[in-house]
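Beneath this line is the structure, given in structure tokens, with notes to follow.
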Amino acid sequence: MIPPSFEYHAPGSLADAIGLLKQHGDEAKILSGGHSLVPLMKMRFAAPAHIVDINDIPGLDYLKEEGGHLRIGALVREADLEASAVIAAKFPLILDATKLIADPQVRNRATIAGNLAHGDPANDHPAVMLALDAELVIEGSGGERVVPITKFFVDTFETALASDEVLKEVRIPIPPAKSGGAYFKLERRVGDFAIVGVAAQVSLDGAGNIQSAGIGLTNVGPMPIKAEAAEASLAGKAPNDATLQQAGQLAADASKPVTDNRAPEDYKRAMVKELTIRALRRAVSRAEGGN
Amino acid sequence: MAETTSESLGGIGQSVKRKEDLRFIQGKGKYIEDFYLPNMVYGVFVRSIFAHAKINSINSDAALKVPGVVAVLTEKDLAGVNLAWMPTLAGDTQAVLAGEKVLFQSQEVAFVVAETQAAAVDGASLVEVDYEELPVVVDPFKAMEPGAPVLRTDKEGQKDNHIFTWEAGDKAKTEKAFQDAEVTVSQKTHYPRCHPAPLETCGCVVDHNAFTGRTDIFMTSQAPHAHRTIFALISPFKEHTTRIVAPDIGGGFGNKVPVYPGYVLSAVASLVLGRPCKWIETRSENIQSTGFARDYHSEIELAATKDGKITALRVKTTADHGAFDAQASPSKWPAGLFSICTGSYDIADAHVQVDAVYTNKAPGGVAYRCSFRVTEAVYIMERAVDLLAVKLNMDPVQLRKKNFIKPEQFPYKSTTGWEYDSGDYEKTMNVALEAVGYDQLRKEQAEKRSRGELMGIGISSFTEIVGAGPRKQFDILGLSMNDGAEIRVHPTGTVMARFGVKSQGQGHETTFAQILAEELGIPEADIIVEEGDTDTAPYGLGTYGSRSTPVAGAAAAIAARKIRDKAQKIAAHMLEVSEADIEWKDYKFQVKGVPGKAKTMAEVAFAAYTAIPDGMEAGLEAVTYYDPPNFTFPYGTYICVVDIDSKTGEYKIRKFVAVDDCGIVINPMIVEGQIHGGLTEGFAIATMQEIRFDEGGNILNGNFMDYMLPTAVDTPHWDLDRTVTPCPHHPIGAKGIGESANVGSPPAIVNAIVDALSHLGVTNIEMPVSPWKIWRILHEKGVA
Ligand SMILES: Cc1cc2nc3c(=O)[nH]c(=O)nc-3n(C[C@H](O)[C@H](O)[C@H](O)COP(=O)(O)OP(=O)(O)OC[C@H]3O[C@@H](n4cnc5c(N)ncnc54)[C@H](O)[C@@H]3O)c2cc1C
């Protein structure tokens, strides 16, 4: 459990970090919380020659509501999300998911940006951000660009980030009134990656029908999945059992689980359905002002 | 002066705080990783990536070019000093480094020695091994089929993969009982391969000094003396110049009983290089290559009368021992004490057969927090009783009570040959039933069932057999399983006591001091207990199989009594009365009938060195080697209540009541701690642990990401209680508690889950019970 040797850089500005990334190309890796990258290095599954530690860069740890968005800087830790008043008030989905990630030690270091940038379908934030229609602000040697979350995940452990780019900010639209969200996750053990995870976000109209819904699935395919057919099936419908059942089935149909150490594929698919129903039910209840 | 009481001394029955915890909880314990000797080198293994392959060649050139790499040892180097193979504790042979071929994934192939651990790891990653894959045998049943590839081609005369057949009981009588039976049940079940996974992995530092001729070995050893003797028997190291020190050990659970290649190679490296060599496993290496536990495939059958009297038991087991038979069972007992599988029940006839098999998996079969296969035995019996209860439509409590060995039957001779010393099983069970509210729970279950909710109640009323063992029956590689105690009372009345056993977290420094406090009338705070250094400790076979209290604890009491005998003579002299006029009362020597005239042990100790009577030797010391006359038989009843989510198969243990009887309790707090730990391990085994392999023999979960240990959040609340039935043959009536909870809890949990599903016709579910297994059943039955 000792990584091969590497050169360590700790730039003091984003520009310097990008300069280093440009210089070393594929040989370099960004280090933020380190809780995905370092284990891979210790197991020698990853062997970057250069580590660019961004933790010293000032001004990346903001979490604020601005211009109709929640803006989360790259160095915001999971623990910060747990402690945030805005998140508690407006994003129960994020709070649910964050609390289920690993353990307090990991959450004290791990960043939401690293969680997304890792491109791991087993991570929880990707599904959450798919359900919330987040956007990602990315900066590289060619300047800044904004990528919708649906265009971010390219393959397992592969994202739209170029080797000289930093994921600078996660930007999430503030949901309208009468919105709610929930995250349901089956784990083999507390703090484990999901057997199956489902993120659901709904907004209700004046009549209490579902105006819009977002559903993201964790760890049931090579990439995080946005269950678009299930989302569409809910629009304009009353959130009754039949509606939720149908959405659950559509989400299960969208999943592509495989049998692994966590569980066999048939179980996972069935759980996508069940957890989708449960997540939607709680999201609706929260949108209605309940818990 | 305040009266001396057991409480003021910290004697037997007192929840004295653990002496060792001051250093443990402040990070000041001294474990193998804390040993840094000047000029030390580090060894790291190159391990096989295949489960079965011929080794064509090993090329170390690139590894040797890594700065800091000092040497790369291979089988050829070991063969030169006759150490390529070593004996296992079970009397088999094991490759120290693979020679012609590898037999399991992660097997030791080469040992890279370097100036730093990092350089050794870098070097190991560059050793090129040219393998030629061979057909892999993973399934023990397929291993026994004709035509299966023979794995142990190194063993002369070995024509198949069979290791041994072992039997107990009367086959013919049992067969007859089954023929005559009114009712029979049978069940095949697998006790999964699991791993003790101690927090500290195995390791050592070996320091051979060519100038003094002495070798110091600091190692994670549950049995330092036995290990030294084995070293002396197999290697150039002599017993008198070799010192094994087992320092603080971060958990053993049977995993630190075997001798591992890493110890041998560190010794060879130190001998060859003339420098100390450290070797310590990574977590993955520990799980993948060192002593696993269990892996028993059993078919159990019960015969009974219609009204529920069990008449016979039949067990047929296939035991998967992996590539080498490296289990840790006493020599004449290849399946350990497995024939205790008649359990707490009075059964007239039984027959047990175990066939052990080689497969392409890591060697082991260690007694993981259990006394040599007792866990496997308890599991099948407690499952089978439930099966019979369902078949007879009888309450599992009533069925157990009907078949319990009755208090008046003790000492009870079992049909498989054991003599149970004592017990009152029904009394203990009643305490558990009361605590859990059994009748109410059954009512609740019936109501819930009518609403389609799933709830189950599982019982395990197990009996263990621990404290190996009487010399007449038990040895390991010929070494009799007796243990020493050596006590010195210093002139000022403080005590140094040394033992041949070795704590790995059990709290001997405290409990043994308490036994001595009680026996000597000296406060436990004035008694220091030392173990683990072969230069100073008396001989003994170490700590496992719950044997420390039954064997070394008995030695402590007996050595203390020897001291008291001598002290009484000195006291008589001091009090100017004859010895017969002295009695040991209120922890003092008193002149009978004259309460004011007394001497404390401390006063006598001073006299023992300063004013010894004529004709008597000075000093106050004693040594004893204890040969237990019999095993001890701790027992208990555990009751588990589960609620199952019928849509996901997830379940929660709502309540778990554990009532243990381990005889006299030395330190209630430590006993509870042992039970908490054992229950948590049993919970892990029942619910989440199994080392899994694919068909190519690749380990699918060889690290803590996938081989899981429960966290405090996962772990249920444990409700504990106890009854006390003293052991009649142990000097203080104690029976041992280290393992009961690990042994007894898995069947309670599985029984509860099966009980929750029994109305659907479910009779068995295999460990570890993952929610998906329950969901599959519910799905098939149309519930989920
Ligand atoms: C025991 C354990 C349990 C865990 N359980 C869970 C769980 O249940 N659910 C879950 O979601 N996660 C889990 N994780 C993962 C944890 O949340 C990770 O830390 C997180 O996914 C990655 O964040 P990080 O800040 O640690 O990133 P790092 O490990 O530092 O980096 C991860 C990857 O992202 C890249 N990267 C990091 N930051 C940026 C950036 N700003 N821009 C561009 N690229 C970047 C890195 O180069 C690297 O490739 C667990 C981790 C551990 C150790």
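This is a predicted model, so every value here is computed, not measured. Below, read A as the first sequence line, B as the second, and so on, with proteins coming before strands; counting in each chain starts at 1.
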Checklist entry - Given B:R283 and B:T201, is the side chain to side chain donor-acceptor pair (under 3.5 Å) satisfied, shown in steps? => result CA-CA 6 Å; B:R283 174 60 56 195; B:T201 57; 5.8 Å; no
Checklist entry - Should A:D53 and A:Y8 be marked as a side chain to side chain donor-acceptor pair (under 3.5 Å) after you check the CA-CA gap, both sets of side-chain angles, and the distance that decides it? => result CA-CA 7 Å; A:D53 182 345; A:Y8 172 81; 2.6 Å; yes
Next on the checklist: Using the rule given for side chain to side chain donor-acceptor pair (under 3.5 Å), can you reason through B:S284 versus B:N703, listing the C-alpha separation, both sets of side-chain angles and the distance that settles it, and then say yes or no?
Outcome noted: CA-CA 5 Å; B:S284 303; B:N703 57 44; 4.8 Å; no
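Within residues 262-277 of chain A, the residues having any heavy atom less than 4.5 Å from a heavy atom of chain B are, in residue-number order, A:R262, A:A263, A:P264, A:D266, A:Y267, A:A270, A:M271, A:E274.
A salt bridge links B:E453 to B:R451: one of the charged nitrogens lies within less than 4.0 Å of a carboxylate oxygen.
Using a 4.5 Å cut-off between heavy atoms, B:M688 contacts chain A through its side chain alone, with no backbone atom that close. For B:D694, no part lies under 4.5 angstrom from a heavy atom of chain A. When heavy atoms are compared at a cutoff of 4.5 Å, B:S770 does not approach chain A at all. Looking at B:T687, there are no atoms closer than 4.5 Å to chain A (heavy atoms on both sides), in backbone or side chain. Heavy-atom distances place the side chain of B:R776, and not its backbone, under 4.5 Å from chain A. Contact annotation for B:Q117: both backbone and side-chain heavy atoms come within less than 4.5 Å of a heavy atom of chain A.
Residue with the most contacts toward chain B among A:E187, A:R278, A:M1, A:M43: A:R278 (heavy-atom pairs, distance under 4.5 Å). Each of B:T282, B:L709, B:V44 has some count of heavy-atom pairs under 4.5 Å with chain A, and the biggest count is that of B:L709. For chain A, the option among B:D706, B:V121, B:V713 with the highest count of heavy-atom pairs below 4.5 Å is B:D706.
Between the side chains of A:T218 and A:Y183, at least one donor N or O sits under 3.5 Å from an acceptor N or O. Side-chain contact of A:N240 with A:T243: a donor-acceptor pair under 3.5 Å is present, judged by distance alone. A side-chain N or O of A:T111 and one of A:S32 form a donor-acceptor pair less than 3.5 Å apart.
Shortest non-hydrogen contact noted between A:A127 and A:A199 is O-CB, 3.7 Å.
Within the cation-pi definition used here (under 6.0 Å to the ring centroid, within 45° of the axis), B:K278 does not qualify as a partner of B:F35.
Other residues, nucleotides and ligands contribute over 12 non-hydrogen atoms within 6.0 Å of the OH atom of B:Y36.
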